[in-house]
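Bear in mind the structure is a predicted one, so any value in this text is a computation, not a measurement. Just follow the structure's listing: the first ligand is 1, and inside any ligand the first atom is 1.
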Amino acid sequence: MQLTRATAVQKISDDLRVRLSAPEREVKVSIPVRMDDGSLKVFEGYRVQYSSLRGPYKGGVRYHPDADINEVRALAFWMTMKCAVAGIPMGGGKGGVTVDPKELSIKELERLTRGFVRKLAPVLGPQRDVPGPDVGTNATIMGLIADEYSKIVGKATPAVATGKPLDQGGSEGRSESTGIGGMYVLMALLPHLTRKKPSQLTVAIQGFGNVGSFLARNLVAEGFKIIGLSDSKGGIYTEKGLDPDAAETYKKKNGSLEGFPGTKNISNEKLLELTCDIVVPAALENAITKSNAAKIKAHIVLEMANGPTTTEADDILFKKEIHVVPDVLANAGGVVVSTYEWEQNLKNEHWTEKKVLGKLRKLLEREAKNVWKRSTKLKTDLRRAAFSVALERLDATLDKTPKKR
Ligand SMILES: NC(=O)c1ccc[n+]([C@@H]2O[C@H](COP(=O)([O-])OP(=O)(O)OC[C@H]3O[C@@H](n4cnc5c(N)ncnc54)[C@H](O)[C@@H]3O)[C@@H](O)[C@H]2O)c1
């Protein structure tokens, strides 16, 4: 759907259209896992390797009860676009296991992860396919993937997975990379989107997990005022502005943000409709749909979640002249630092946080400006512009010499 919309503004070669019409490889595996009670359960796992045109497949592994091959395939296509927008030397892939990780013990999760790697090992590898974390997986699981793969191939191969713990070859700056990256992208685009300075801008953030909390902290450091925050249990609001560190401490102690002193409780739906300058969906997909898009009052939507705006909602926001900074650009910080981790592992180096974040800022500023320029040239929104940049880069990898019969 998004490809069709993007190709309306960016002509692509017939070869690229064919290459992107289906993933290069889809793997579906059954993973038998010995449970703690001695029984044997079989879980279904997937890896979709969508495109290697720009480099090894790159994309997270999701552990979720609703994960299935269709979802993983769509996300693998998305990763192809995201890596191309970011200009990193990676293709696109994604993995998933249909499981609720909260229902498994730590040992069962380890056996599941190692079993998944044993099934996938022939198609993984630092130059082939490099998984990272996604919903329901974390640094520990990435460390297990690298460990199991290393055992199978008989040599330490940390570059086979990213988002690992620091002592297993993880990169400095990886945990904050997506949130801080969103701030870098926003700061680069801000002069084009508004005449106001950060200190004159108010922000509401839906989702106060890894991404939302690092973004909130970094926005406050730049002078923005956070007036609303929410998590799955509900939200809080105050015109006076919130301190994200204090909100996090309160959430840890009380299990939710609701009741944070000096704020009013607000529902997740109402949070998106607050009168503010910037609204940030940083939780789940499909947060902004045709039923609430018309009620959005912010001038800027910064998409930190993957797929938070439906295509119908996109059209409504475009008509309202609301700028949507698309997910493939806004949240690319995570995959960029993952690629830095891969590079450090390959070179056997360990970069400082200053170096990692400095490189990230430079890259995201450059690519945000690129996307902005493309949107003005094509007179289109930032999402189509980002896809246009990505498609052009993917097309440039193809050999266009006419083939003789
Ligand atoms: N972590 C990364 O590096 C990364 C990179 C790119 C994209 N993303 C995307 O960003 C989003 C958030 O990821 P994360 O890593 O912060 O996850 P997380 O699990 O750390 O946090 C998710 C947050 O959303 C909240 N939430 C869940 N359901 C909600 C609802 N219905 N309404 C409001 N809040 C709700 C949760 O309470 C939590 O605060 C996801 O869409 C993810 O795919 C994450």
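- By the salt bridge (charged side-chain N to carboxylate O under 4.0 Å, His left out) test, Asp243 pairs with no residue at all, sequence neighbours left out.
- Not a single N or O atom of Asp134, backbone or side chain, sits closer than 3.5 Å to an N or O atom of ligand 1.
- Residue Phe208 has at least one heavy-atom neighbour below 4.0 Å for each of these atoms of ligand 1: 23 (C), 39 (O).
- The protein atom (non-hydrogen) at minimum distance from atom 43 (O) of ligand 1 is Asn306 ND2, 3.1 Å.
- For the pair Lys355 and Trp351, the cation sits on the ring face: its NZ or CZ lies under 6.0 Å from the ring centre, inside 45° of the axis.
- Asp395 approaches Ser13 most closely through the heavy-atom pair OD1-OG, 2.6 Å.
- Residue contacts with ligand 1 for Asn331 involve both N, CA, C or O and side-chain atoms from C-beta outward (heavy atoms, distance under 4.0 Å).
- For atom 17 (O) of ligand 1, the closest heavy atom belonging to the protein is Asn210 N, 4.6 Å.
- Close approach to Asp231 involves these atoms of ligand 1, each under 4.0 Å from a residue heavy atom: 33 (C), 34 (N), 35 (C), 37 (O), 39 (O).
- Less than 4.0 angstrom separates some heavy atom of Ala282 from each of these atoms of ligand 1: 11 (C), 12 (C).
- Near Leu284, the atoms of ligand 1 lying under 4.0 angstrom from a non-hydrogen atom of the residue are 28 (N), 31 (N).
- Counting protein heavy atoms only, atom 22 (C) of ligand 1 is closest to Gly209 CA, 4.2 Å.
- Protein heavy atoms are absent from the 4.0 Å sphere centred on atom 19 (O) of ligand 1.
- The shortest heavy-atom contact between Glu24 and Ser52 is OE1-OG, 2.7 Å.
- At the shortest separation from atom 24 (O) of ligand 1 among protein heavy atoms lies Ala283 CB, 3.5 Å.
- By the 6.0 Å and 45° rule, Lys251 does not stack over the aromatic ring of Phe208.
- Side chains of Tyr46 and Glu71: a donor-acceptor N/O pair is absent below 3.5 angstrom, by distance only.
- Scanning all heavy atoms of the two residues, the minimum distance from Ile152 to Ala121 falls at CD1-CB, 3.9 Å.
- The protein heavy-atom contact nearest to atom 33 (C) of ligand 1 is Asn268 OD1, 3.0 Å.
- Looking from atom 10 (O) of ligand 1 to the surrounding protein, the closest heavy atom is Met304 O, 3.4 Å.
- Closest to atom 25 (C) of ligand 1 among all protein heavy atoms lies Ser232 N, 3.8 Å.
- A cation-pi contact, defined as under 6.0 Å to the ring centre and within 45° of the axis, links Arg217 to Phe214.
- Checked by atom type, the side-chain pair Thr162/Ser338 shows a donor-acceptor distance below 3.5 Å.
- A pairwise comparison of heavy atoms in Arg114 and Lys151 identifies NH1-NZ, 3.6 Å as the closest pair.
- Counting only heavy atoms of the protein, atom 3 (O) of ligand 1 lies nearest to Thr178 OG1, 2.6 Å.
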Can you give me every donor-acceptor pair (side chain of residues 252-263, partner residue at least two apart or in another chain, under 3.5 Å) with its distance?
from, atom 1, to, atom 2, distance (Å)
Asn254, ND2, Tyr250, O, 2.9
Ser256, OG, Glu258, N, 3.1
Thr263, OG1, Phe260, O, 2.5

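- Using a 4.0 Å cut-off to heavy atoms of Arg174, the atoms of ligand 1 that qualify are 3 (O).
- Close approach to Val211 involves these atoms of ligand 1, each under 4.0 Å from a residue heavy atom: 1 (N), 2 (C), 4 (C), 10 (O), 13 (O), 14 (P), 15 (O), 16 (O), 44 (C).
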